[in-house]
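As the structure lists them, so they are numbered: ligands from 1, and atoms in each ligand from 1. The residues of the chain are indexed from 1 along the displayed sequence. For clarity, every value in this text was computed on a predicted model and none was experimentally measured.
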Amino acid sequence: DTAPTAKGNSAASRDIASYLHPYTNLATHEKTGPHIISKGHGIYVTDDNGRDFIEGMAGLWCASLGFGENRLVKAATKQLETLPYYHTFASRSTNPAIDLAEKLLELVPVPMSKVFFANSGSEATDSAVKMVWYYHNAIGQPEKKKIISRKKGYHGVTVAAASMTGLPGNHKMFDLPIDRIIHTETPHYWREAQPGEEEEDFATRLAEQLEDLIQAEGPETIGALIAEPIMGAGGVIVPPRTYFEKVQEVLDRYDILFIADEVICGFGRTGRMFATETFRLKPDMITVAKQLSSAYQPISALFINDRIYQAAKKASDEIGTFGHGFTYSGHPVAAAVALETLKIYEEDGIIDHVRNVMSPFQKRLKDLNKFEHVGETRGRGLIGAFELVQDKCLKTPMQPVGAAGKAVVAKCMDHGVILRALGDSVAFCPPLIITEQQVHDMFDKVEAALGDWH
Ligand code: PLP
């Protein structure tokens with residue numbers, strides 16, 4: 001049987017016939033067909049039926065400058081005309097890669113020594129895992145290899161990255177996680193705190209649980225902990241007060257490296273250039289992607305501090321080569337677009353703009369609490385979510401889990417806003433260029449959708 005939208009030689013039928021979609025219910029897709037987006041401008045995208053949507057998720061938490069930034073088109077074109085590709089293996093280099101690495105080191109708020117480039121968030125976090133292993137081999141602690149991640153954390157889908165991701169759907173059918181990767185608890189105060197437990201006491205308890213896990217595994221076997229400053233795909237979970245400083249104390253006690261995964265939070269999302277600043281983190285490595293190029297080109301980066309760099313340098317000198325890198329590491333077109341993106345952030349005062357619009361954004365998000373089935377609203381800067389529950393007081397999950405999230409997101413689409421369901425939480429992560437008026441417009445539409453739904 002063919003899907004209703006999949007008639008003859010339509011784009012929908014050709015999609016169904018040929019394209020394996022990422023993160024898609026494959027059986028349902030054959031029936032419903034694709035939703036084809038054909039163009040974009042500002043915070044809006046238009047589908048092939050000519051319907052406009054506010055892209056309330058900036059795509060996948062990434063198109064920070066929206067969908068029509070001409071300066072990025074020009075930067076890409078200029079670089080394509082000058083040198084469309086060259087690699088950076090074996091000491092070759094290109095000017096855009098050099099300029100971008102230098103600029104990133106200038107912007108990063110904690111001391112970092114070098115920047116490594118890749119193409120996706122997954123490649124950056126996977127590279128961080130390999131750096132942890134390389135480093136500990138280099139300093140003669142080959143047993144210190146396990147990585148602690150967190151349940152509901154999201155770090156991508158390559159083998160090590162998917163193992164660090166703490167979501168059952170990323171593990172179950174893929175025989176993951178690999179050994180050496182273990183998970184600690186989710187810092188979700190509203191959902192996980194015990195009755196009467198204060199936020200700071202909850203943070204203390206989580207840090208103690210982390211320490212118990214380290215003790216049980218053997219501190220000499222734990223190489224690093226990876227964490228998103230705000231968990232994104234796991235439901236937009238903002239850390240409880242004092243959480244990261246308590247976690248850092250535990251890591252310091254056992255000489256465990258800290259990797260801040262800023263793939264979503266980096267470049268203004270929390271109202272500062274890096275969430276490392278917002279939450280006063282002290283990472284040894286930082287991963288970034290997405291908003292690094294406003295998603296106009298695939299590019300990601302891994303920052304490493306000098307302790308790691310010096311050890312790696314010494315080891316690679318002995319071995320001959322640091323045996324890691326991608327064909328497209330530091331791709332000149334992607335690097336040129338990322339550089340221009342960073343220039344726009346500075347010249348257009350994007351971070352100040354985020355600080356201005358984040359107050360109305362967070363206020364309108366909080367207002368959604370007035371709806372009967374909205375159990376919690378949470379967020380920071382220009383990222384947020386509301387969680388749907390059966391019963392507000394008891395926080396009982398909706399049944400069946402995930403259906404309400406999907407239904408609300410579908411209603412929001414009917415009202416012209418694209419959001420993302422993460423189970424029964426619904427996430428917002430609009431382009432950073434969204435104006436205050438557009439914030440109100442978006443929430444007016446979402447309120448209308450929630451009113452329609454129930
Ligand atoms: N890390 C975080 C925090 C992410 O949110 C994501 C993607 O959403 C990734 C890593 C993986 O990035 P990619 O999909 O580009 O591989």
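- By the 4.5 Å heavy-atom criterion applied to side chains, Phe279 and Arg272 are not counted as neighbours.
- Looking only at distances, a side-chain donor or acceptor of Asn305 sits under 3.5 Å from a matching main-chain atom of Ile308.
- Atom NZ of Lys395 has more than 12 heavy atoms from other residues, nucleotides or ligands within 6.0 Å.
- At least one donor-acceptor pair under 3.5 Å links the side chain of His171 to the backbone N or O of Ala162.
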Starting from the N and O atoms of ligand 1, find every protein N or O within less than 3.5 Å and list the pair with its distance.
from     : atom 1 : to     : atom 2 : distance (Å)
ligand 1 : 1 (N)  : Tyr154 : O      : 3.4
ligand 1 : 1 (N)  : Asp261 : OD1    : 3.4
ligand 1 : 1 (N)  : Asp261 : OD2    : 2.7
ligand 1 : 8 (O)  : Lys290 : NZ     : 2.9
ligand 1 : 12 (O) : Gly121 : N      : 3.4
ligand 1 : 12 (O) : Ser122 : N      : 3.4
ligand 1 : 15 (O) : Gly121 : N      : 2.8
ligand 1 : 16 (O) : Gly121 : N      : 3.4
ligand 1 : 16 (O) : Ser122 : N      : 2.7
ligand 1 : 16 (O) : Ser122 : OG     : 2.5

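- When ring centroids are compared, Phe428 and Phe443 come within the 6.0 Å threshold.
- Aromatic pair Phe117/Phe326: centroids not less than 6.0 angstrom apart.
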